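Just below is one structure, and these are the notes that go with it.
Just so you know, these numbers come straight off a predicted model, no measurement behind them. Just so we're on the same page: letters track the sequence lines, and every chain starts at 1.
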Number of protein chains: 2
Amino acid sequence: MATPQLTKNQTLVMDALSHSEGPMSAYTILDKLRDHGFRAPLQVYRALDKLLEYGLVHRLESLNAFVACSCPHDHEHDHGVTAFTICEGCGQVTEFHDEAIEQRLSALTRAQSFKTEKTTIEIRGHCQSCA
Amino acid sequence: MATPQLTKNQTLVMDALSHSEGPMSAYTILDKLRDHGFRAPLQVYRALDKLLEYGLVHRLESLNAFVACSCPHDHEHDHGVTAFTICEGCGQVTEFHDEAIEQRLSALTRAQSFKTEKTTIEIRGHCQSCA
DNA sequence: GCAATAATGTAATGTTATTACATCAATTGC
DNA sequence: GCAATTGATGTAATAACATTACATTATTGC
Ligand SMILES: [Zn+2]
Ligand SMILES: [Zn+2]
Ligand SMILES: [Zn+2]
Ligand SMILES: [Zn+2]
């Protein structure tokens with residue numbers, strides 16, 4: 001998925017997430033952007049849909065929240081399975097990718113002839129500082 | 001986590017999930033149990049909390065829904081990491097466990113000194129029939 | 001310019017989950 | 001037995017998350 005030029009709203013949401021310490025809910029993003037003219041949830045959700053599609057943002061299912069992708073690359077190519085550790089103490093989220101897990105999951109789904117479209121891996125717990 | 005005797009509400013919710021073809025949202029469960037005296041969401045959520053604690057039920061984060069554990073064992077011992085395939089077509093959910101994935105995730109989190117409390121693995125896609 | 005497409009604005013509504021407080025039942029200690 | 005504690009339940013209100021519907025504006029292709 002090549003990333004096209006972002007629109008005004010997409011840029012505002014992307015910047016909000018990029019400059020955030022951690023993940024933000026859609027409504028938190030909305031509040032942050034009220035000064036920039038945002039008035040309704042849909043403005044956020046529409047921008048997020050596109051940013052998710054472009055791979056610039058990830059959704060954390062277990063938090064109902066969103067986080068900027070931390071990958072250094074330019075997102076010209078789809079990065080594979082994305083996994084996260086999420087600290088319950090400080091809220092820190094760490095994104096990581098592992099080829100071994102990806103291949104193992106691929107083998108397991110292939111065995112049941114399941115066609116994977118999206119894989120969610122989220123590990124809740126406590127980081128080193130918060131242990 | 002040894003499973004104590006279930007209370008009346010816990011039994012009703014457990015039965016509803018056990019007899020369901022697939023996962024159900026809390027509000028769907030509520031509707032199913034209105035004839036049995038359920039009136040408010042909290043009655044469902046409280047029962048689900050206990051059933052989750054006992055390992056009899058799993059929460060599907062990407063669906064905001066709940067499903068009865070499909071493991072044959074008696075839940076006397078905690079089964080490790082649970083993963084699911086979820087078909088977008090027919091709604092079929094398949095629970096599986098894999099030692100290799102569990103060990104790999106364990107190694108990865110240990111490397112960042114992260115203390116895991118709960119791991120979510122959910123694979124969305126299409127099953128063989130719905131491909 | 002004009003049609004087609006994509007993005008935006010706004011309101012209303014739908015869905016999921018929690019807080020607060022009162023009541024009831026079972027268990028424990030004496 | 002009985003008070004005290006604990007766990008479970010009932011009910012209402014509210015909070016948090018997400019979508020539908022419809023109107024308007026901006027951009028693109030011709
Ligand atoms: Zn990423
Ligand atoms: Zn932490
Ligand atoms: Zn299970
Ligand atoms: Zn299917």
Side-chain angles (χ1 to χ4, degrees), chain A residues 1-17 20 22-54 56-67 86 88 91 118 120 122 124, chain B residues 1-17 20 22-54 56-67 86 88 91 118 120 122 124:
Chain A
M1 175 68 60
T3 305
Q5 190 61 33
L6 297 184
T7 66
K8 176 164 149 286
N9 284 3
Q10 288 160 21
T11 303
L12 285 167
V13 170
M14 190 68 222
D15 285 353
L17 280 173
S20 168
M24 285 195 288
S25 77
Y27 278 76
T28 302
I29 296 170
L30 175 57
D31 285 339
K32 294 257 186 220
L33 295 180
R34 290 209 186 269
D35 294 344
H36 295 273
F38 273 45
R39 307 287 308 279
L42 198 49
Q43 296 176 287
V44 178
Y45 282 111
R46 283 202 278 229
L48 285 172
D49 281 348
K50 289 296 182 182
L51 296 172
L52 289 167
E53 184 184 331
Y54 303 153
L56 298 175
V57 164
H58 298 290
R59 175 182 168 82
L60 299 172
E61 300 287 354
S62 68
L63 292 179
N64 292 328
F66 303 85
V67 68
I86 302 170
E88 313 265 8
K118 180 168 195 317
T120 297
E122 297 178 17
R124 306 282 293 264
Chain B
M1 175 68 59
T3 306
Q5 190 63 32
L6 297 184
T7 66
K8 175 164 150 286
N9 285 3
Q10 288 160 20
T11 302
L12 286 166
V13 170
M14 190 67 222
D15 286 351
L17 280 173
S20 169
M24 285 196 288
S25 76
Y27 279 77
T28 302
I29 295 170
L30 174 57
D31 285 340
K32 295 257 184 219
L33 295 180
R34 290 207 186 270
D35 294 345
H36 296 273
F38 273 45
R39 306 288 307 279
L42 199 50
Q43 294 175 289
V44 179
Y45 283 110
R46 284 202 276 229
L48 285 172
D49 281 347
K50 289 295 181 184
L51 296 172
L52 289 167
E53 184 184 330
Y54 303 153
L56 298 175
V57 164
H58 298 290
R59 175 183 168 81
L60 299 173
E61 300 288 353
S62 67
L63 292 179
N64 292 327
F66 304 85
V67 67
I86 302 172
E88 313 265 8
K118 180 169 196 316
T120 297
E122 297 177 17
R124 304 284 291 265

Nearest-nucleotide wise, let me know which of A:Y27 and B:A65 is further upstream toward the 5' end of DNA chain C. A:Y27

Hydrogens and angles aside, do B:E122 and B:S62 bring a side-chain donor and acceptor to less than 3.5 Å of each other? yes

Between atom CG of A:L56 and atom CG of A:L51, what is the distance when rounded to the nearest 0.5 Å? 6.0 Å

Short side-chain N/O contact to D:dA18 OP1/OP2 from A:R59, under 4.0 Å: yes

In whole Å, what is the span from the CE atom of B:M24 to the C1' atom of C:dT15? 17 Å

Correct closest heavy-atom pair for A:Q5 and A:Q10 would be O-OE1, 4.5 Å

In residues 28-51 of chain A, which ones come under 4.0 Å of DNA chain D, going by heavy atoms? A:L42, A:Y45

Could you state the CD-P distance from A:Q5 to C:dA7, rounded to the nearest angstrom? 12 Å

Of the non-hydrogen atoms in A:R59 and A:F66, which two are nearest, and what is the gap between them? NH1-CZ, 3.1 Å

Whether A:N64 contacts D:dA18 is assessed here as follows: a side-chain N or O lying under 4.0 Å from the phosphate OP1 or OP2. Is that the case? yes

Taking the side chain as everything from C-beta on, heavy atoms only, tell me whether B:V13 gets closer than 4.5 Å to B:F38. yes

Looking only at heavy atoms, what is the nearest atom pair of A:V44 and A:A26, with distance? CG1-O, 3.6 Å

Round to the nearest Å and state the distance from B:L63 atom CG to C:dA17 atom C1'. 16 Å

Look up atom CE in A:M14 and atom OG1 in A:T7, then write down how far apart they are to the nearest 0.5 Å. 12.5 Å

Do A:R46 and A:D49 sit within salt-bridge range, that is, some charged N less than 4.0 Å from a carboxylate O? no

Which residues in residues 7-14 of chain B have a heavy atom closer than 4.0 Å to any atom of DNA chain D? B:T7, B:K8, B:N9

